[in-house]
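Numbers for residues simply follow the sequence, beginning at 1.
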Amino acid sequence: MAVFSVVLFLHLLGAVSLFIAYGIEWTASSLFRNASSIEQVRSWLRVFKVSPPLSGVGLGVVLLSGGYLASLSGAMKQGWIPATLIGIFVALVLGFALILPRMKRIRAALPSGPAGNESLSGQLRERLSDPILLTAIRVRVLLVTGIMYLMAAKIPLVPSLVTLAAAVVLGVILSVPAWSQAKTAAAKA
């Protein structure tokens, strides 16, 4: 029973690290939009940079420990497991296909050398307010929240997929204000 308890603890710890990492992404991306200088953007990028390694380790721990726990309990045959794996895949796609490339473009748009309180270019302001970046981050947070619900509820496949779809829709709804702010930023540029 001691091994089970340790693995369960590691599983929960991995999930907490994912939430911390995704919370950092959400916070930093929200603060990007309010940045008024290059130095502020660089500061928030340094904070954001913590997220990928933290979420990567957290996800690895969640997958390994979750696989072990599921094999012990026979949960591999339950519907919420494939739905969870689909949700994890979608979260990874959001990260690798939408979030990371946009973050690289933001870094590339920063001037080299010391910038101090230099104001933001129009191009950089648009990248910081990119509604796709902001939406992908919010959807990913809500998707992982939906996965946590599935872990607790252990419901069949179809209701699990509906739950994850509802989480995605809620993430998009929470992103709507970011879209209007992106339009405002684009108009200023």
Side-chain angles (χ1 to χ4, degrees), residues 11-35 44-45 47-63 65-66 69-70 75 78-106 125-186:
H11 191 67
L12 295 173
L13 192 60
V16 167
S17 71
L18 272 176
F19 275 104
I20 291 170
Y22 291 172
I24 289 169
E25 288 180 5
W26 187 314
T27 302
S29 68
S30 295
L31 293 169
F32 286 160
R33 294 176 301 178
N34 299 324
W44 287 115
L45 282 173
V47 171
F48 192 95
K49 201 174 191 177
V50 171
S51 177
L54 184 60
S55 64
V57 169
L59 182 60
V61 169
V62 163
L63 288 173
S65 60
L69 293 170
Q78 296 177 8
W80 66 275
I81 296 284
T84 297
L85 294 174
I86 291 168
I88 290 170
F89 176 76
V90 171
L92 285 170
V93 168
L94 288 171
F96 286 112
L98 297 177
I99 297 170
L100 289 178
R102 283 170 170 74
M103 294 307 298
K104 286 179 183 176
R105 285 195 287 267
I106 288 170
R125 172 116 0 244
E126 282 183 44
R127 288 180 181 179
L128 293 171
S129 298
D130 182 354
I132 294 173
L133 172 66
L134 302 171
T135 301
I137 289 171
R138 282 151 181 75
V139 166
R140 198 155 77 149
V141 169
L142 272 291
L143 190 57
V144 171
T145 303
I147 290 170
M148 289 295 293
Y149 173 76
L150 296 181
M151 287 172 51
K154 297 179 180 10
I155 55 181
L157 178 62
V158 173
S160 294
L161 293 172
V162 170
T163 298
L164 293 181
V168 168
V169 168
L170 186 56
V172 170
I173 290 169
L174 288 174
S175 301
V176 170
W179 301 342
S180 62
Q181 290 176 351
K183 287 180 187 177
T184 304

Heavy atoms, side chains only, cut-off 4.5 Å: are [X] and [Y] in contact?
| X | Y | value |
| --- | --- | --- |
| V47 | L31 | no |
| F48 | I106 | no |
| L164 | L150 | yes |
| V57 | S17 | no |
| L174 | W26 | yes |
| L133 | L98 | no |
| H11 | V62 | yes |

Distance-only, no hydrogens or angles: does the S180 side chain make a donor-acceptor pair with backbone N or O of P177 under 3.5 Å?
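Confirmed, S180 side chain pairs with P177 backbone.
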Under 3.5 Å donor-acceptor, R105 side chain and R127 backbone
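Not confirmed, R105 side chain does not pair with R127 backbone.
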For [X], which residues count as a side chain to side chain donor-acceptor pair (under 3.5 Å) partner, sequence neighbours excluded?
| X | result |
| --- | --- |
| T135 | W179 |
| S29 | none |
| S30 | R138 |

Please step through side-chain contact (heavy atoms from CB on, under 4.5 Å) for the pair I155 and Y149, ending with a clear verdict.
CA-CA 9 Å; I155 55 181; Y149 173 76; 4.2 Å; yes
Quick one: do T145 and L170 satisfy side-chain contact (heavy atoms from CB on, under 4.5 Å)? Show the steps, please.
CA-CA 11 Å; T145 303; L170 186 56; over 6 Å; no
Closest approach of S51 to A21 (non-hydrogen atoms, all atoms of both residues)
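Looking at all heavy atoms of both residues, the shortest contact is OG-O, 3.0 Å.
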